[in-house]
Amino acid sequence: MTTKPTYIILLGPPASGKGTQATKLREALDLPHVASGDLFRYNLKNETALGLKAKQYMDRGELVPDDVTIAMVLDRLAQPDCAGGALLDGFPRTIAQAEALDAALARQGLNIDRVLNILVPDEELIARITGRRLCRTCGEPYHMMFKKPKVSGICDLDGGELYQRADDTEETARNRLEVYWKQTSPLIAYYREAGALVDVDGNQPIAAVTQALMAAVSDLKTIE
Ligand code: ADP
Ligand code: ADP
């Protein structure tokens with residue numbers, strides 16, 4: 001028996017906890033984690049043409065143009081490991097991206113199953129962004145105050161070195177939040193209208209947010 005692929009979107013402002021929660025959800029749901037920011041950073045690190053194009057926008061905390069972003073993510077979703085669906089993080093971020101994704105899925109008789117809208121107040125987000133550190137190897141997020149690694153500067157999961165993203169400064173953070181409210185927040189109404197949206201309080205301890213997210217997808221797949 002083949003089951004229909006499952007597509008879940010983690011929606012929420014920068015530093016709302018999408019990456020942190022994706023690590024737990026992807027294991028529970030057995031879905032690949034497709035994060036547009038990670039894809040851009042991979043291309044940046046490897047100095048591909050796509051990475052060079054994206055850099056100027058990322059440095060300013062602005063969105064990379066839709067055509068480039070849509071092509072990159074749809075290409076990723078066509079890879080064999082996404083045959084059963086995906087846990088999308090950071091994409092879509094504009095109505096044009098959401099429509100392109102809907103159209104691409106509809107061509108295969110598929111649709112978005114659930115959109116998890118993570119809510120966190122702006123001032124909390126600034127503190128999360130400026131204290132964020134990431135593993136250079138696996139991308140796992142940590143925080144100087146809220147999620148310290150067991151050994152300072154080292155990833156708990158694979159021993160990788162922790163680093164601070166160049167765009168995680170207070171100035172860029174404020175710009176990214178503005179961009180979120182202007183360009184991305186209209187997606188909340190878009191997906192609410194489609195009947196796919198569930199609001200989740202992201203302003204609680206990490207484990208409590210995980211529980212709320214798990215509850216919001218528990219009907220989609222058997223979760224242990
Ligand atoms: P955060 O973790 O703070 O939400 P991301 O890692 O998702 O940030 O994204 C980092 C940067 O990559 C964004 O500021 C933007 O420049 C670019 N980016 C990521 N996803 C998208 C997208 N869907 N559309 C346009 N630009 C994107
Ligand atoms: P996003 O992927 O949405 O940009 P991250 O998962 O990278 O967000 O989280 C942003 C920062 O906030 C990280 O430093 C992370 O450790 C921290 N963080 C995530 N969730 C919480 C939470 N519930 N409470 C406090 N800090 C959190």
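Residue numbers run from 1 in the order of the sequence given. Note that the coordinates shown come from a computational prediction; the quantities given were computed from them, not determined experimentally.
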Looking at L116 and A216, what are the two nearest heavy atoms and their distance? CD2-CB, 3.6 Å
May I have the step-by-step check of side-chain contact (heavy atoms from CB on, under 4.5 Å) for Q21 and I206, ending in yes or no? CA-CA 8 Å; Q21 299 298 337; I206 292 174; 3.7 Å; yes
Would you indicate whether Q56, at its atom CD, is surrounded by more than 12 heavy atoms from other residues, nucleotides or ligands within a distance under 6.0 Å? yes
Min side-chain heavy-atom separation L11-V115 under 4.5 Å: yes
Side-chain heavy atoms of E62 within contact of N175, under 4.5 Å: yes
If you count the non-hydrogen atoms of other residues, nucleotides and ligands that lie under 6.0 Å from NZ in K24, is the total more than 12? yes
Taking everything shown except Q211 itself, do over 12 heavy atoms lie less than 6.0 Å from its CD? no
Rounded to the nearest 0.5 Å, what separates atom CZ in R93 from atom OG in S185? 12.5 Å
Below 4.5 Å, heavy atoms only, C-beta onward: do L220 and I8 meet side chain to side chain? yes
Do T172 and M58 come close enough that some side-chain heavy atom pair is under 4.5 Å? no
side-chain contact (heavy atoms from CB on, under 4.5 Å) evaluation trace for L213 with L25: CA-CA 8 Å; L213 290 169; L25 281 181; 4.2 Å; yes
Yes or no on salt bridge (charged side-chain N to carboxylate O under 4.0 Å, His left out) for R174 and E170, after CA distance, side-chain angles and deciding distance? CA-CA 6 Å; R174 294 211 180 268; E170 175 153 0; 2.9 Å; yes
Heavy atoms of Y7 and C82 approach each other most closely as OH-O, 4.2 Å
Exam field: side chain E47 to backbone N43, donor-acceptor pair closer than 3.5 Å: no
Is there a donor-acceptor pair under 3.5 Å between the side chain of K18 and the backbone N or O of L88? no
Under 3.5 Å: donor-acceptor pair, side chain of E27, backbone of A22: no
Does Y142 have R133 sitting over its ring (NZ/CZ under 6.0 Å from centre, angle to axis within 45°)? no
Would you say L50 and V64 are hydrophobically clustered, going by side-chain heavy atoms of ILVMFWY under 4.5 Å? yes
Any side-chain heavy-atom pair of D59 and D167 under 4.5 Å: no
Taking side chain as C-beta onward, heavy atoms only, is F91 less than 4.5 Å from I70? yes
D38 vs R76, salt bridge (charged side-chain N to carboxylate O under 4.0 Å, His left out): CA-CA, chis, key distance, verdict: CA-CA 12 Å; D38 288 350; R76 177 69 189 90; over 6 Å; no
side-chain contact (heavy atoms from CB on, under 4.5 Å) assessment of R165 paired with R41: CA-CA 10 Å; R165 269 168 51 179; R41 278 186 289 279; 3.2 Å; yes
I need the minimum non-hydrogen distance between S36 and G90, along with the two atoms involved. OG-O, 2.9 Å
Gap between atom CD of Q97 and atom CG of L74 - 0.5 Å precision: 9.5 Å
ILVMFWY cluster, F40 and L77 together (side-chain gap under 4.5 Å): yes
Side-chain heavy atoms under 4.5 angstrom apart, residues restricted to Ile, Leu, Val, Met, Phe, Trp, Tyr: same cluster for L157 and L162? yes
Decide yes or no on salt bridge (charged side-chain N to carboxylate O under 4.0 Å, His left out) for D168 and R128, but give the supporting numbers first. CA-CA 9 Å; D168 274 352; R128 287 195 191 179; over 6 Å; no
Specify the closest pair of heavy atoms between A15 and I129, including all atoms of both residues, with the distance to one decimal. CB-CG1, 3.2 Å
Please evaluate residues I154 and E161 with respect to the criterion side-chain contact (heavy atoms from CB on, under 4.5 Å), reporting the C-alpha separation (whole Å), side-chain torsions for both, the decisive distance (0.1 Å), and the verdict. CA-CA 5 Å; I154 304 288; E161 179 203 7; 5.7 Å; no
Verify same cluster id: I112, I188 (apolar side-chain graph, 4.5 Å): yes
Supply the atom-to-atom distance L119 CG to E124 CD, rounded to the nearest 0.5 angstrom. 13.0 Å
Does atom OH of Y42 have more than 12 heavy-atom neighbours from other groups under 6.0 Å away? no
Nearest 0.5 Å, what's the CG-NZ distance between L63 and K182? 11.0 Å
R192 to Y190 six-membered ring, cation-pi geometry met (6.0 Å, 45°): no
In this structure, which one of D113, D89, L101, L197 forms a side-chain contact (heavy atoms from CB on, under 4.5 Å) with I9? L101
For M72, look at atom CE and say whether over 12 heavy atoms of other residues, nucleotides or ligands are found less than 6.0 Å away. yes
Considering all heavy atoms, the nearest T137-G160 contact: OG1-CA, 3.4 Å
With rounding to the nearest 0.5 angstrom, report the CG to CG distance, L39 to L44. 12.0 Å
With the side chain counted from C-beta on, respond yes when V198 and N117 share a heavy-atom pair under 4.5 Å apart, and no when they do not. no
Should D201 and V209 count as side-chain neighbours, where that means a heavy-atom distance under 4.5 Å? no
Counting only heavy atoms not in K147 (residues, nucleotides, ligands), do more than 12 fall under 6.0 Å from its NZ? yes
Considering all heavy atoms of both residues, which atom of L125 and which atom of P14 are nearest to each other, and what is their separation? CD2-O, 3.3 Å
Distance (rounded to the nearest 0.5 Å) between D66 CG and I95 CD1: 10.5 Å
Are V34 and Y191 in one and the same hydrophobic cluster, where Ile, Leu, Val, Met, Phe, Trp and Tyr link if side-chain heavy atoms are under 4.5 Å apart? yes
